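What follows is a single structure, written as C-alpha cells, with notes after it.
Letters A, B, ... are given to chains in the order of the sequence lines, protein chains preceding strands, and every chain is numbered from 1. Predicted model only: the values in this text are computed from it and were never measured.
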Amino acid sequence: MDERYRHKEIEEKWQKIWEEQNLFKVTEDPKKEKYYLLEMFPYPSGKIHMGHVRNYSIGDVLARYKKMKGFNVLHPMGWDAFGMPAENAAIDHGVHPAKWTYENIDYMRNQLKRMGFSYDWDREFATSDVSYYKWEQLFFVRMYEKGLAYKKRSFVNWCEICKTVLANEQVMSDGTCWRGHADDPGVIQKELDQWFFKITAYAEELLEWCDKLPGWPERVLTMQRNWIGKSIGAEIHFPLENSKDIIKVFTTRQDTVFGATFMSLAPEHPLALSLSKGTGQEQVVREFVEKMRRQDKAKRTAETAEKEGVFTGGSCLNPMTQARMPIFVANFVLMEYGTGAVMAVPTHDQRDFEFAKKFGLPLIMVVQPEDRVLDARTTTEAYEEEGILVNSGQFNGMDSVKAREKIAQYLDEKGLGGDRISYRLRDWGISRQRYWGAPIPIIYCDRCGTIPVPEKDLPVVLPSNVEITGTGESPLKGVKEFVETRCPKCGGPGRRETDTMDTFVESSWYFDRFASPDYDKGPLDKKRVDYWMPVDQYIGGIEHAILHLLYSRFFTRILREMGWVSVDEPFTNLLTQGMVCKEVYECPKDGYLFPDEAEGQGETIRCRKCGEQISIGRLEKMSKSKKNVVDPEYLVENYGADTARMFCLFASPPEKDLDWSDQGVEGSARFLNRVWRLFYEQHGHLQNVKPLPFGTILDGGRKSLRQKVHKTIKKVTEDIERFHFNTAISAVMELVNEIYVSEIKDNDDDGSRRVMREAVETVVILLSPFAPHFAEELWEALGDRESVIKTRWPDYDPEAVLEDEILIVVQVNGRLRDRITIPASYGEEEVKMWALKSERIRKLVEGKEIKRVILVPKKLVNIVC
RNA sequence: GCCGAAGUGGCGGAAUUGGUAGACGCGCUAGAUUCAGGGUCUAGUGGGGUCACACCUGUAGGGGUUCGAGUCCCCUCUUCGGCACCA
C-alpha cells in the first residue's frame, strides 16, 4: 500500500478493472428483485457540468447501495442528442450537427467514465440514432391513425432567436423562451400549420394520477395540477341578434348568468370580424385585431395590462332574460381557453366590472351577500363571493352554489348548454422548423391529401446533405431528394413534411427503450420492459417539473394504449435535486468577471481590468454567462472523482441548492486522506483478521468501538434510504474520528485486532457508494480479492448497539439542570429516585412540593414543582 | 393577488415521532510534532457572564398550547419557487 493517496492512479486502475469485469452489466433475472434507477440523461452540449456531477453522484450512491443490498439494479445512461445547439454550432462554426453531436458524446462519455459511475454502458444510445428515432416515427404514424396526432392551422408561439415554434409549456410566464436567451425579445404569435399531440385527451387521467404518486414531491404535483388547470362550470349558448347562429361560452359562474349584460370575444375569435361587417365598426375592429396580433401575448394578458376593447357592432341575447347584450372584442380574452368568448357579468367579475365602467355598460346585481345589501348603482367593485340569488327569475333566493347546479341542469333541459369541464392544458404542438430532429413521417399528395408514411417504409432517415442557414424555414425544405417523393397511396408525386419533432418527444420514452435498447423487431421488447418498468427512482432537476415529466406521463399512456408497456405511470419515485450555485463577481463597468479577473481580499476586491471596486457574494446558479462555473474536469484532475463526489453529497441534502465552496472541497479531500493514513498505519496488522461474530460479549475500549461501528452501520443505512447523504457521510466521519482516538487502536491481542478490523472494514464498505475507487483500493489493501461492490451491505448487530449505561437529562420545570449516567436496566422508579438524589437537583427542589415527575424512558426526567 | 417551500452560530448544515439545540464539515484559537512554510495530530469554539463554576440568554419577530416547542396552533415580516385577466 502506498503511503500517499494517489487518486489519479487509483481511479484509472479501478475504472479499467470494472470495465474488464463488466461489473455493471445487468440482465433480467426473475429470481432477484429489480430496481430501476434512472437519472435524467444529458444533452451532449460538449462537456459535463457540476449539475451533472451532482445529479449522477446522487444516483450512483443509490445504484451501488441497492446492488450491495442484493437488488438487480438497472442503471443506464444515454444521450438526449437532438436539439438546437447542434444547429447553432453548424451555423457558427460550419461543423455538421451530427459530427458535433457525436464528438461531444464521445468526449462526455469519457468524462462520465472518469467519474466512476456504475452504468451499464452496453445499453447506451443516442436519441439521434436512426435505430432509436425510427420507432418514434412508428408511434407518430399509429397516433395519427388514432387521431392522437393531428395537424391544425393556428397561432403558435414563435421564438425569434430559436427561429422555431415553442409548445405552451416552453414559454415562460414572462413571455420569454424557456431556453433563456440574453435580451430575449419575447415569444410572438405566428399563424402556421402545425402538428399536435392530443395530450388533452388525457387531461383528466393525468390529473387524477397526481393523487396516486406518493413518491413524488408535492410541489411538482402541485405544478402539474396547476398546469392542467381543471375548472368545473357550464357551457351557455347565446343566440345572436338577427341571426340563427349562437355564441358558446364557458363559465364557472353560471349562477350569475342573469347578470350578463354584454359579451367579450378574443381578438382571434372568428366572429370578431364577421360580426362587424356592415355595421360601420368593421374598420375599428380590424385595426384592433391586427394590433393585438402584433403584441406580445404575455404583455397583453398580464394582469396589470390596461383593459382594452372595441364594440363589434353586433349583439346577442341573454338566453335567460332575453336582454340585448352588445358584443365586444377584448384584449384579455384568450382564444385557447374555453370557447374564446366570455359572458360578461360586471357585478360579479372584476375584469368585466372595469370594462363595463369604461364603456358605460349596465350592471345588474344577481348575487347578494348574506350580511349586507349591495347596490349596482353604487358599488365600486365586483362581488365575486358566494351569496343568495336575486333578479334571477325562478332561481331567486337560491344559494349560489346550489344555483350553479340547478342552472346547468336547466340549460341542459332547454338545449342551451349544460355542465362542462374545462382544462387550461392545451394540446402539445410538436412541429419544429428545424433540421436536427426526428423527421415527421408524413407525405402530402395533391390528390390524396395528407398520408402517413407506411410502416414498411420507415424510417424516414434524416438526410445529411443539408445547408443550415437559420432562416426560420426548416432546412429540410432545401433538400430536393428528401422532399420529393412518391405518394404511398396513388404513386403520384408527393412532398415530405419538412418539420421535425420537438426533442421532448425523444425524452418521453427513452426510459422504456433502456429496458431493451438492442431490440430491433419493434420499439420495445415487451417482456423485458415489463420486467424493468416502472422506474423505481428517477432523479433530476426541478426545472423539468412540468415539461419533461408531464410529456413522459402522457407518452406512457399512449404506449400503454398501443400495448407496448403495461404501466400507467413511468416513475414511481422522483427526487428533484437542487441547483449548484456559486458567488458571482460583478464589476459595475465590465459586468460579470471570472474570479481571477478580480484582485484583493475582503472589502476591497477590485476589477483587474478597470480597478473599480466590485460586488461579490450573491449566489447564483452556475452558468457560463455569469462566469461562476467550476469545471468538473479541473476537480477530477486536482482532487479526483471521489473527492468531487464526496463534496457534492456532503455539502447539502439533495433537494436543496448546493453552494459551491472551494474550502469545502478541500475538506472532503482532507477526510479521504485522513482515512487513507489510518489504513496505511493499520492495514498490515489487520490483514486476514476476521471480525467477531454477532452477539460477542466485550468490555472497555473494544466494546465501545464495536458499539460505534454498529451504530454507524445502522445510521448510514437509514440515512441512505431517506436520501440524507450528508448525514450518512458525517456518521462515517464520526466513526473515523473515534477509531483515531480509540484506546485499542494499536493493541496486539486477538480481540482488539478483530474489533479494529471490523471497524476499518466497515468504514470502507459504508464509504464505497460515495467514493468507490478509494474504497476498492483500501478493500484490496485489507487483503480482499473481490470487488467491494460484490460484498453484501452489512447488517448491524442489535446486541452491539445496546448501551448498558445511559445518559438521562434531568429537568426542573422544563429547564435542563443536570445530567446523570445510570445503568440502562433501571426501572422507572429507580430512574426517578436517582434523578432526585442528584446534588444539584436536591438544592433546586429543596423546600418545594413536587407536583409531578415526568419520565421519558432512556431520555429524561422532568420534575415539576 | 393565489398556492407552495423555507428562515437555526462567522459559513455549509444536524436535530425520523414535541424531550440535551448547534452532530459533521469549513473557518477561527491554542498546544504538540528536533516546529521555515505547509501538512499532520490533539483540544477548544452560539452570545453574555465567571479565575473557574453557577447562572442568564438564544432556532426571523410577536402571541398561544404543553411539565417541556427549532418541531404543534394563530398573527406578522423576509427570501425563494410556481401560477396569475383561465371566464
Distances for protein N/O vs nucleotides 43-53 of chain B N/O pairs under 3.5 angstrom?
none

Check your understanding: Of all residues at least two apart in sequence or in a different chain, which pass the salt bridge (charged side-chain N to carboxylate O under 4.0 Å, His left out) check with A:Glu235?
Key -> A:Arg420
Study note, to complete from the structure: Assigned chi class of B:rG9 under the 90° convention is syn
Review point. Of all residues at least two apart in sequence or in a different chain, which pass the ring pair (Phe, Tyr, Trp, His ring centres under 6.0 Å) check with A:His710?
Key: A:Phe694
Point to revise | Sugar-phosphate only, base, or nothing, as touched by A:Tyr740 at under 4.0 Å among non-hydrogen atoms | key: sugar-phosphate
Practice item. Scan nucleotides 14-30 of chain B nucleotide by nucleotide, 5' to 3', and note B when protein non-hydrogen atoms come under 4.0 Å of the base, S if they reach only the sugar-phosphate, - if neither. Key: SSB--BB--BBSSS---
Point to revise | Residues in salt bridge (charged side-chain N to carboxylate O under 4.0 Å, His left out) contact with A:Glu384, at least two apart in sequence or another chain | key: none
Check your understanding: Quick one: ring pair (Phe, Tyr, Trp, His ring centres under 6.0 Å) partners of A:Phe359, sequence neighbours excluded?
Key -> A:Phe328, A:Phe355
Review point. Residues two or more places apart in sequence or in another chain: which of them pass side-chain contact (heavy atoms from CB on, under 4.5 Å) with A:Asp657?
Key: A:Met579, A:Cys581
Point to revise | Six-ring centre of A:Trp227, A:Arg424 cation under 6.0 angstrom, axis tolerance 45° | key: yes
Review point. Got a sec, which residues hit side-chain contact (heavy atoms from CB on, under 4.5 Å) with A:Ala356, two or more places apart in sequence or on another chain?
Key: A:Phe262, A:Pro346, A:Leu361, A:Leu363
Point to revise | Contact nearer the 5' end of RNA chain B, comparing A:Leu844 with A:Arg253 | key: A:Leu844
**Study point:** Distance below 4.0 Å between A:Arg817 side-chain N/O and B:rC56 OP1 or OP2
**Key:** yes
Check your understanding: Will you find, in the side chains of A:Tyr796 and A:Thr762, an N or O donor that is under 3.5 Å from an N or O acceptor?
Key -> no
Exercise for review: Under the ring pair (Phe, Tyr, Trp, His ring centres under 6.0 Å) rule, collect the residues that match up with A:Trp216, sequence neighbours excluded.
Suggested key: none
Exercise for review: Could I get the full list of side-chain contact (heavy atoms from CB on, under 4.5 Å) partners for A:Pro653, not counting sequence neighbours?
Suggested key: A:Glu655, A:Lys656, A:Asn726
Practice item. Taking side chain to side chain donor-acceptor pair (under 3.5 Å) as the test, write out the residues that go with A:Thr222, two or more places apart. Key: none
Check your understanding: Got a minute to check which stems RNA chain B is part of, using Watson-Crick or G-U wobble pairs under 3.5 Å, three or more consecutive?
Key -> B:1-7 with B:77-83, B:10-12 with B:24-26, B:27-33 with B:39-45, B:46-48 with B:55-57, B:60-64 with B:72-76
Exercise for review: Give one of base, sugar-phosphate or nothing for A:Asn673, where a contact means two heavy atoms less than 4.0 Å apart.
Suggested key: nothing
Point to revise | Pairwise 5' ranking along RNA chain B for A:Met223 and A:Tyr337, keeping only the more 5' one | key: A:Met223
